[in-house]
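Accompanying notes for the structure given below.
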Number of protein chains: 2
Amino acid sequence: MSVDREHVLRSAAALLTRKSTSTMDEVAKAAGISRATLHRLFAGRDALVRALEGLGIEECEAALTAARLGDGTAQEAVRRLVRELEPAAGLLAFLYTENQLFEGEEQNEGWARIDAAIAALFRRGQQSGEFRIDLTPAWLTEALYGLMASGAWAVSEGRVAPKDFKHMIVELLLGGALRREES
Amino acid sequence: MSVDREHVLRSAAALLTRKSTSTMDEVAKAAGISRATLHRLFAGRDALVRALEGLGIEECEAALTAARLGDGTAQEAVRRLVRELEPAAGLLAFLYTENQLFEGEEQNEGWARIDAAIAALFRRGQQSGEFRIDLTPAWLTEALYGLMASGAWAVSEGRVAPKDFKHMIVELLLGGALRREES
DNA sequence: ACCATATGAGACATCATTGTCTCATCCCAG
DNA sequence: CTGGGATGAGACAATGATGTCTCATATGGT
């Protein structure tokens, strides 16, 4: 009888990824429940967004764990990270832009931890000599988010094939557009 | 006596870049005029956004012209393009996310022209052998927008120094994070 | 079969924003 | 100095979304 809260969260994420201004009514319809039930599950729109933020943080942290950022070369770790992050890309894109709205407000500490872990990975790559040192870890982290969001939108609008998502992001982030010498 | 429409547009762009959900009242205050006058200049919020879109398109096309995309190597052209685009980065970031809201609607043909010109530049770089061919021109174009938006936000939140904006974007887009062999 | 509970449908007040209007005031041109 | 147009301040209704409520219905467990 009880509605699957997880399912509601997932479909809300999917809808809000496509149209970030969807109303509670649209979110409810998309989940196949009534607005009343949606309000019983989440006290309001803010609560829903915060729940989505929690879900996003959970998925990111799961991805960080699964990617074992400390293992192997930093380059390999980045590839694993993007692979693990891919299923959450749409949600991340939504939350990424949503965060731009919070002008001064403190951001969830979960994001700070995630940012720090990813920045640490890039720093490790710099210290090992794999990554260039003229691009700061903070910027590389930001760029990873930005490329994930761009990739998610490009896929959802058919400009990039879903199967190419990971390749496009990882290759651009690591290798850039320039053709490399065959070394 | 007559209010400087251009100035209003600029300050609206600056405000909406930071907080994309600002109300007409906030936009008016930011421009130093009353809401009544703002409504006299722009029939409504839609008209304001469309005017901003027009401004963004103008600035992009001016940047495309100034960057002379056909001259020299494609790499040099990309560098010039980012440099010319930098002053409009905040506005572009706003419009980029704003466009995600228009689900099915036709997008302004101006963007299609701009997209085509940038994609053509990347294609030229591929044909000349400068750029790798496994990243599609459409994706490289999308990634350029995404990195510009990420860069604009990172600067506005103090995570990246304004003077590094161009370098961070161009270097990541062209060269990627990996350290290159000293060739 | 029965009861408890969850759900759906919808009414309702509230709230913020928008768009329109009026009117007083200001400022520049003549 | 004066008249006319532009502006600012604010009132007002309309709109759309939200949050709360009630009640009928459906569903699931006992």
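FYI, side chains are in, hydrogens and waters are out, and symmetry mates aren't considered; it's all heavy atoms of this structure. First the proteins, then the strands, lettered A, B, ... as listed; each starts at 1. Computed from a predicted model, the values in this text were never measured in an experiment.
Taking the salt bridge (Lys or Arg N to Asp or Glu O under 4.0 Å) definition, one finds that A:E58 meets it with nothing, sequence neighbours left out. Not counting sequence neighbours, A:E84 has no partner by the side chain to side chain donor-acceptor pair (under 3.5 Å) test.
Sorted by first and then second residue, the salt bridge (charged side-chain N to carboxylate O under 4.0 Å, His left out) pairs involving residues 87-96 of chain B (not counting sequence neighbours) form an empty list. For residues 113-137 of chain B, the pairs satisfying salt bridge (charged side-chain N to carboxylate O under 4.0 Å, His left out) are A:E171-B:R132, B:E61-B:R113, B:E109-B:R113, B:R132-B:D134, with sequence neighbours left out.
When the P atom of D:dT18 is taken as reference, atom CG of A:D46 falls 10 Å away, rounded to whole Å. With rounding to whole Å, B:F42 atom CZ is found 15 Å from C:dT20 atom P. Whole-Å rounding puts the A:R5 CZ to C:dA6 P distance at 15 Å. Following rounding to the nearest Å, A:H39 (NE2) and C:dG8 (C1') show an atom-to-atom distance of 14 Å. Atom CG of A:L38 and atom P of D:dA17 are 15 Å apart (whole Å). Put simply, NZ on B:K29 is 12 Å from P on D:dG8, counting in whole angstrom units. The separation between A:L41 atom CG and C:dA6 atom P is 11 Å, rounded to whole Å.
Here the shortest heavy-atom pairing between A:A30 and A:L15 reads CB-CD2, 3.8 Å.
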Ignoring hydrogens and angles, write down the donor-acceptor pairs under 3.5 Å from the side chains of residues 39-55 of chain B, residues two or more places apart or on other chains.
residue : atom : partner : partner atom : Å
B:R45   : NH1  : B:S22   : O            : 2.8
B:R45   : NH2  : B:S22   : O            : 3.2
B:E53   : OE2  : B:W111  : NE1          : 2.9

Per-nucleotide protein contact along nucleotides 9-17 of chain C, 5' to 3', at a 4.0 Å heavy-atom cut-off (B base, S sugar-phosphate only, - neither), is B-B-----S

